[in-house]
Amino acid sequence: MSQYNPHVVEEKRQQIWEQNHLFRATEDESKEKYYLLEMFPYPSGKIHMGHVRNYSIGDVIARYKRMRGFNVLHPMGWDAFGMPAENAAIDRGIHPASWTYDNIDYMRNQLKRLGFSYDWDREIATCDVAYYRWEQWMFLKMFEKGLVYRKSSPVNYCQKCQTVLANEQVEGGACWRCGEEVLQKELTQWFFAITKYADELYEYCDKLPGWPERVLNMQKNWIGKSFGVEVDFPMEDGTFLTIFTTRPDTLFGVTFMVLAAEHPLALSLSRNTDQEAAVNAFVAKTKAMDKSFRAEITTEKEGVFTGKYVTNPLTGTKVPIFVGNFVLMEYGTGAIMAVPAHDQRDFEFAKEYGLPVILTIMPEGGALQPETMEGAYEGDGKMVNSGPFNGRNNREAIPSIIDYLEEKKIGKRTVNFRLRDWGISRQRYWGAPIPIIYCDACGTVPVPYEDLPVVLPLKVEVKMVGKSPLAECAEFYNVECPVCGKPAKRETDTMDTFVESSWYFLKYTCADHNEGPLDRKRVDYWMPVDQYIGGVEHAVLHLLYSRFFNRVLNELGLVGVREPFENLLTQGMVIKDGAKMSKSKGNVVDPDYMIEKYGADTARLFCLFASPPEKDLDWNDKGVEGCFRFLLRVWRLIVERLDGLRDVEAVFEPLNDDADTVQLAFLIHKTIKQVTEDVDRFHLNTSIARIMELVNGIYKYIDKDRKEEGDRRLIRGALETLLVLLFPFVPHIAEELWEMLGVDGKSLSTQWPRYNEKYVQEDTVLIVVQINGKLRDRCEVQRDTDQEQLKSIAYDLEKIKKHLEGKTIVKTIVVPNKLVNIVVK
RNA sequence: GCGAGAGUGGCGGAAUUGGCAGACGCACUGGACUUAGGAUCCAGCGGGCAACCGUAGGGGUUCAAAUCCCCUCUCUCGCACCA
């Protein structure tokens with residue numbers, strides 16, 4: 001009898017798959033397509049368990065969908081530009097390109113050894129010129145449409161990575177990649193106008209039922225849509241100070257105004273007044289303050305009077321204008337109306353500077369006094385001190401207040417977003433060059449389409465100098481102006497690597513297409529992605545950028561759909577000893593080691609079985625061993641009985657009335673049903689549990705020596721079913737055993753089994769008998785026994801009789817085929 | 001602070017709709033086979049001698065609640081002076 005040797009089995013199967021190009025996808029209008037995508041990895045060196053998990057989940061679905069008859073696209077590639085390649089170059093003197101391509105070779109081999117069913121013919125690496133040249137093309141198109149622009153503004157800067165970061169790449173004031181504190185720097189940078197799509201990106205969150213609520217909330221939160229009103233407060237010189245507020249119901253309580261230090265009026269208002277020196281000093285001090293410190297909620301609220309006043313357009317009251325450290329120039333108009341009675345920040349500021357507090361909302365049944373308040377009242381209630389709106393509920397009054405403001409031309413309805421444009425300039429080498437030329441005479445000139453690609457030069461010394469290494473490469477940046485022919489300079493910044501990942505899913509659909517950016521016909525065949533699988537860490541990065549980019553490409557006529565990802569599954573992290581697996585924590589389990597010790601099938605099985613895909617997975621070496629043992633058990637189940645089963649023809653129903661035999665038939669069909677339903681809703685862990693139960697059931701059945709022909713045929717049917725169900729999860733061992741069984745003319749991987757309704761529902765059902773909702777007994781009865789009969793059966797049970805002694809039956813609830821509940825007093 | 005999600009045996013986790021709580025696996029205990037067992041097989045495995053009690057805690061709805069509602073606590077994640 002042959003031993004289970006995963007290495008031999010896996011190598012053999014993988015060779016066969018590769019030789020036969022089994023996972024190659026071709027566009028075929030006659031078949032229903034299914035585009036399954038897992039987030040592509042960064043080629044950092046080796047894959048980690050998070051990858052194994054992500055791709056194991058994906059592979060189950062890919063194989064399952066193929067077995068269900070779908071034309072499946074399941075591609076893989078490399079998010080190959082980025083900082084670590086440069087760091088390796090600096091640390092070890094290896095060129096980023098060779099470091100990257102070596103890693104890709106190694107990791108591709110790892111993925112192949114895990115047996116994932118990718119169409120490797122469509123593999124892409126984003127650092128290939130053939131890829132990024134079309135990104136440059138897209139950049140130029142966006143430039144023409146005004147969707148990419150250059151401006152000077154304060155940007156996030158990581159000292160350690162020596163580059164600018166997008167807002168989405170700053171996590172709690174620190175660099176998302178290295179954790180270094182992020183500084184603010186005034187720089188001229190390129191931006192993608194993602195804010196033009198803010199509203200649509202926000203509103204479509206409600207049209208993505210296939211996405212996890214959590215991710216949609218994070219996106220909505222990030223985009224930050226808020227409804228309010230812009231109100232013009234007249235100033236003494238006849239101009240207006242415009243503010244944005246979501247709380248027009250507190251307008252009557254405004255006692256002062258606050259400008260951001262960066263507000264254009266901050267300095268000009270006090271010019272040539274007594275307050276000038278104080279304001280100048282305050283503005284200088286505030287601007288110099290570290291942004292993350294300034295944004296700290298606990299930072300004390302400070303400000304200075306500008307010497308000027310505005311008039312409250314509703315009350316006619318004169319209120320002073322301050323410059324304050326807690327107002328953000330980036331949000332709204334950079335100026336606020338302050339209502340200390342109903343906003344805690346304003347309250348603190350008012351207390352500090354002795355400003356009045358006017359109450360405009362009274363809590364239900366309350367009697368707040370401005371003099372005795374210890375904090376702002378931010379709840380709802382009845383409006384007071386509010387002229388015509390007195391007595392109304394503040395929330396309900398808001399629409400009519402805004403109507404009133406609009407009518408009087410004091411204000412207008414406005415929607416404000418938190419989202420900022422996406423800064424994509426990176427002062428780094430290993431990225432796609434931005435196809436722009438600066439000419440003293442002609443200004444900013446896009447590289448002509450016929451001059452694309454702007455190839456990233458390989459002969460560049462990579463080092464950390466605070467600017468792009470390309471800025472030191474004269475052959476690169478010295479060019480002729482495409483317009484006037486005079487000497488000009490190339491842009492030396494490269495694009496954020498998130499630009500590459502914003503459209504890679506489109507490139508897969510037509511990876512070999514080089515005559516243009518994308519082959520619309522093939523794009524439209526495959527798009528949208530039916531199922532996307534990846535980590536939740538990209539909820540507001542990649543997943544938001546991609547939605548934006550896809551819209552732009554849709555408008556450029558390159559894609560038919562507006563939303564790229566129909567369904568999204570965010571898998572949990574891999575945890576060990578209470579912490580995320582990571583090199584720095586020293587708790588990593590190396591996939592190579594797992595393959596070496598147990599084989600790919602075991603590694604995959606454990607990742608799938610130990611927890612449901614969307615939850616964190618707690619790594620457990622003993623659990624891995626259990627999975628290996630299970631595969632051994634399956635192996636033995638078949639191999640030990642091969643001789644007696646090889647020439648038997650499978651049946652999937654009992655050929656005699658033997659109770660055990662009938663039961664086995666039921667088990668087969670029930671397992672098919674449950675596994676199908678569970679895989680369909682991504683309950684992969686319970687699918688595997690069901691299959692384990694099937695194995696246990698088969699063992700139990702064959703425990704009694706089954707000599708009868710009919711019984712043997714059913715065993716054969718059970719084993720075939722088992723292997724087919726196992727195939728998406730552990731394809732190597734399943735296929736190997738299938739071959740050993742010698743199933744003529746039937747392919748394991750093309751047929752997902754169907755269950756027979758007849759063997760899913762038994763003729764008898766177990767009825768639970770409760771008294772006052774507590775389980776007292778059970779009994780087996782014929783399916784669909786009528787209610788009255790059920791009642792009398794229940795009353796007749798010994799245990800029930802005992803419990804009923806001396807009690808009065810109030811009523812009896814009968815749930816057909818399920819339970820009887822007797823209510824007694 | 002705001003928003004979202006979660007809390008079930010020693011552990012990972014089951015329980016489409018309110019209807020047998022703890023499937024499946026790990027760990028553990030006992031036994032069988034064995035020169036040996038870290039292999040395999042069999043049995044047991046929430047607590048309690050029991051009646052009973054048990055899904056973070058408290059209240060409610062219901063014939064019936066892990067599941068629905070309210071309050072409290074704890075944890076995780078995201079955003080955080082966003083006006």
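So you know, we letter chains A, B, ... as the sequences are listed, proteins then strands, and number each from 1. Since this is a predicted model, take the numbers as computed values, not measurements.
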Asks: Syn or anti for B/G31, given that syn means the glycosidic angle lies within 90° of 0?
Replies: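 For B/G31, whose glycosidic angle is more than 90° from 0, the conformation is anti.
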
Asks: Which part of the nucleic acid, if any, lies within reach of A/Asp346 when heavy atoms closer than 4.0 Å are counted: base, sugar-phosphate only, or nothing?
Replies: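 A/Asp346: no heavy atom of the nucleic acid under 4.0 Å.
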
Asks: Closer than 4.0 Å, any side-chain N/O of A/His683 to the OP1 or OP2 of B/A15?
Replies: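 It does, given that an N or O in the side chain of A/His683 lies less than 4.0 Å from OP1 or OP2 of B/A15.
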
Asks: Have a look at A/Thr812 and say if it touches a base, only the backbone sugar-phosphate, or nothing, with a 4.0 Å heavy-atom cut-off.
Replies: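 Here A/Thr812 touches no strand at all.
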
Asks: Between A/Arg420 and B/C82, does any side-chain N or O lie under 4.0 Å from OP1 or OP2?
Replies: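 No, outside the criterion.
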
Asks: Distance check, P atoms only: B/G58 and B/C73, in whole angstrom units.
Replies: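 Between the two P atoms, the distance is 15 Å.
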
Asks: Check whether any side-chain N or O of A/Lys818 sits under 4.0 Å from OP1 or OP2 of B/G19, and answer yes or no.
Replies: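 It does not, given that no N or O in the side chain of A/Lys818 lies less than 4.0 Å from OP1 or OP2 of B/G19.
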
Asks: At under 4.0 Å, does any side-chain N or O of A/Asn685 touch on OP1 or OP2 of B/A14?
Replies: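 Indeed, a polar side-chain atom of A/Asn685 lies that close.
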
Asks: Counting distance only, does the side-chain N/O of A/Arg247 pair as donor-acceptor with the main-chain N or O of A/Ile398 below 3.5 Å?
Replies: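 No, because the side chain of A/Arg247 does not come within donor-acceptor range (under 3.5 Å) of the backbone of A/Ile398.
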
Asks: Could you tell me which non-hydrogen atom of A/Leu328 sits nearest to which non-hydrogen atom of A/Ala260, and how far apart they are?
Replies: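 Shortest heavy-atom contact: C-CB, 4.0 Å.
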
Asks: Taking any strand in view, what nucleotide pairs with B/U62 in a Watson-Crick or G-U wobble way, both distances under 3.5 Å?
Replies: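 Because no pair has both required distances under 3.5 Å, B/U62 counts as unpaired.
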
Asks: Parallel, tilted or perpendicular, judged at 30° and 60°: which one describes the rings of A/Tyr353 and A/Phe349?
Replies: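 A/Tyr353 vs A/Phe349 ring planes: tilted.
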
Asks: Within less than 4.0 Å of OP1 or OP2 of B/C41, is there a side-chain N or O belonging to A/Arg633?
Replies: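 For B/C41, OP1 or OP2 has a side-chain N or O of A/Arg633 closer than 4.0 Å.
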
